[in-house]
Amino acid sequence: MNIWLLIVGVGLVSLCLRASFLVLLRGRQLPERVTSSLGLVPAAVLAALIAPELLYSSVTGTLDVLNPRLVIGLLAAAVAWRTRNVLWTLMVGLGLLLVAQGLGWR
Amino acid sequence: MRHPEDMTEIIPHSPQFRPAFWRGMRAFTPLVPGVVPFSMVAGIAAVQAGFTPAESIAFSLIGYAGSAQLIASQMVTSHAPTVLIVLSSLIVNLRFAMYSASLLPLFVGVPLPRRWLLAYGLTDQAYAVTMGRPVTEPSPAAYYAGAAALMWLTWQSGTAVGALVGAKIPSTWPLDFAVPLSFIALLVPVLQRRPQVFAAIVSAVVAVAAHGLPFRLNLILGAVCGVAVGQLMQRWQAKSV
């Protein structure tokens, strides 16, 4: 039940944001300050999503700057920078993490 | 409500619509290989968070928002309340409002019901392809519709496959790592200018420092601080020019 509430909630929020200017606020302009902050949102949100995943150990749940996910995440970022390709980034990252696990580095 | 120039440009059977629709679709094809793995990860992550495959597919059809789907799956795993998950999806999807504003001039003459459909199809990828269209494109709305249609087909097939195979993947595989990896692949290209880079750094530091907060509130706090710093930087840059 809660899952369906979640699905509909996320769906409504996403549709309203997408339709915001195209349908709902047709022709009205937002202040420049608002539109310029919207341009910063993807970078800020994505960084906040990624950083804890890399810096907190998936085993102990504590801050661990020497855990394989941080090192491999940085390597994957380098791959993303060079190739601009999601598939390569995923394959290199997951492949290296499997190798690290195989070597007992967790 | 209607503008006088309504009804002209995007009537599906008008002679200009189809060729422009195909041009948009063709322009989108190079992005397909990048979308497939991302969409599969979204399907898998939902199933591993406890969605049934049918719920996972419905989430993709109704929500149709990759980052929000991934975050929701993660937050369901950490038992966050539904309201907070919806709030997080609002924040990650704020960028759609920006795209919506920037596409508006292209949609002059498109009737309202069709605008809803075109708005539903708005994604990072379709937006990027449309903004990169040739300057000579005579029907940008139809071009956008073609790009958005191919994106939709790719995304929905990918999440469906992910949802169906996700349940069969052994839990010892570190597949959860595919989620931050997908985010890394999305983050790197947006770090073009200094305010974005600083917004990302501040947001990352705050999100890590506030990791102890419940319900992944650190995500919201980090993003707000990051945007504030990026905003200050933009203003400072504007003044010094």
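In what follows, chains are A, B, ... by sequence order, proteins preceding strands, each numbered from 1. Quick caveat, the model's predicted, so the values are computed rather than measured.
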| Which residue out of A:L12, A:V45, A:L55 racks up the most heavy-atom pairs below 4.5 Å with chain B? | A:V45
| query | Once you round to the nearest 0.5 Å, how far does CZ of B:F59 lie from CG of A:L6? | reply | 5.0 Å
| request: Evaluate the side-chain proximity of B:L186 to A:P42: yes if any heavy-atom separation is below 4.5 Å, no if none is. | output: no
| task | Could you tell me which non-hydrogen atom of B:P174 sits nearest to which non-hydrogen atom of A:L97, and how far apart they are? | result | CB-CD2, 3.4 Å
| request: Counting only heavy atoms closer than 4.5 Å, note whether B:R235 contacts chain A via side chain, backbone, both or neither. | output: side chain
| Option in A:E53, A:R84, A:R69 with maximal non-hydrogen atom pairs under 4.5 Å from chain B | A:R69
| note | Bottom line for B:A65: the part with an atom under 4.5 Å from chain A's heavy atoms is both
| task | Locate the shortest heavy-atom distance separating A:P52 from B:N218; write the atom from each residue and the value. | result | CG-ND2, 3.8 Å
| Is it the backbone or the side chain of B:L87 that comes under 4.5 Å from a heavy atom of chain A, or both, or neither? | neither
| remark: Cut-off 4.5 Å, heavy atoms of chain A, and the answer for B:Y99 is neither
| query | Among B:G50, B:G63, B:A97, B:S60, which residue forms the greatest number of heavy-atom pairs with chain A at distances under 4.5 Å? | reply | B:A97
| task | Look up atom CG in A:L49 and atom CD1 in B:I184, then write down how far apart they are to the nearest 0.5 Å. | result | 11.0 Å
| request: Identify which of A:V41, A:L17, A:L46 forms the greatest number of heavy-atom pairs closer than 4.5 Å to chain B. | output: A:L17
| query | Is the count of non-hydrogen atoms from other residues, nucleotides or ligands lying under 6.0 Å from A:W81 atom CH2 greater than 12? | reply | no
| request: Specify which of B:A228, B:G230, B:G222 makes the most heavy-atom pairs with chain A at under 4.5 Å. | output: B:G230
| request: Side chain from CB out, backbone as N, CA, C, O: work out which of these in B:V41 comes under 4.5 Å of a heavy atom of chain A, or both, or neither. | output: side chain
| said: Donor-acceptor check, side chain of B:Q196 to backbone of A:G39, threshold 3.5 angstrom: yes or no? | reply: yes
| Can you name the nearest heavy-atom pair linking A:A77 to B:V188, along with the distance? | O-CG2, 3.9 Å
| field | Residues in residues 198-205 of chain B near chain A [non-hydrogen atoms, under 4.5 Å] | value | B:A199, B:A200, B:S203, B:A204
| request: Could you tell me the separation between the CZ atom of B:F177 and the CG atom of A:L90, rounded to the nearest 0.5 Å? | output: 10.0 Å
| Under 4.5 Å between any side-chain heavy atoms of B:H211 and A:L63, yes or no? | no
| task | Output the option from A:C16, A:A76, A:S37 having the highest count of non-hydrogen pairs under 4.5 Å with chain B. | result | A:S37
| said: Out of B:L187, B:V76, B:T123, B:L70, return the one with the most heavy atom pairs under 4.5 angstrom to chain A. | reply: B:L187
| query | Which distance, rounded to the nearest 0.5 Å, do you find between the CZ of B:F96 and the CZ of A:F21? | reply | 14.5 Å
| query | Which of the residues A:S14, A:A80, A:A44, A:G11 is involved in the greatest number of heavy-atom pairs with chain B at under 4.5 angstrom? | reply | A:A44
| said: Take a 6.0 Å sphere around CH2 of A:W88 and say whether it holds more than 12 heavy atoms from other residues, nucleotides or ligands. | reply: no
| Pairwise distance CD1(B:I62) to CD1(A:I7) - rounded to 0.5 angstrom | 6.0 Å
| request: Spell out, as yes or no, whether a donor-acceptor pair under 3.5 Å connects the side chain of A:Y56 to the backbone of B:V208. | output: yes
| task | Give the C-alpha distance, both sets of side-chain angles, the deciding distance and a yes or no for side-chain contact (heavy atoms from CB on, under 4.5 Å) between B:Y64 and A:L15. | result | CA-CA 9 Å; B:Y64 190 36; A:L15 183 61; over 6 Å; no
| note | Exactly one of A:L94, A:T89, A:L87 clears side chain to side chain contact (heavy atoms under 4.5 Å, CB included) with B:P37, and that residue is A:L87
| said: Please check this pair: side chain of A:R18 against backbone of B:L122, looking for a donor-acceptor N/O pair closer than 3.5 Å. | reply: yes
| request: Could you have a look at B:A178, B:G226, B:S182 and say which one has the most heavy-atom pairs with chain A under 4.5 angstrom? | output: B:A178
| message | Out of A:V8, A:V23, A:V92, return the one with the most heavy atom pairs under 4.5 angstrom to chain B. | response | A:V23
| field | Residue B:V83 versus chain A: region with a heavy atom under 4.5 Å | value | neither
| message | Counting only non-hydrogen atoms closer than 4.5 Å, does B:Q74 touch chain A with its backbone (N, CA, C, O), its side chain (CB onward), both, or neither? | response | side chain
| query | Is a side-chain donor or acceptor of B:S100 paired with a backbone partner of A:L22 at a separation under 3.5 angstrom? | reply | yes
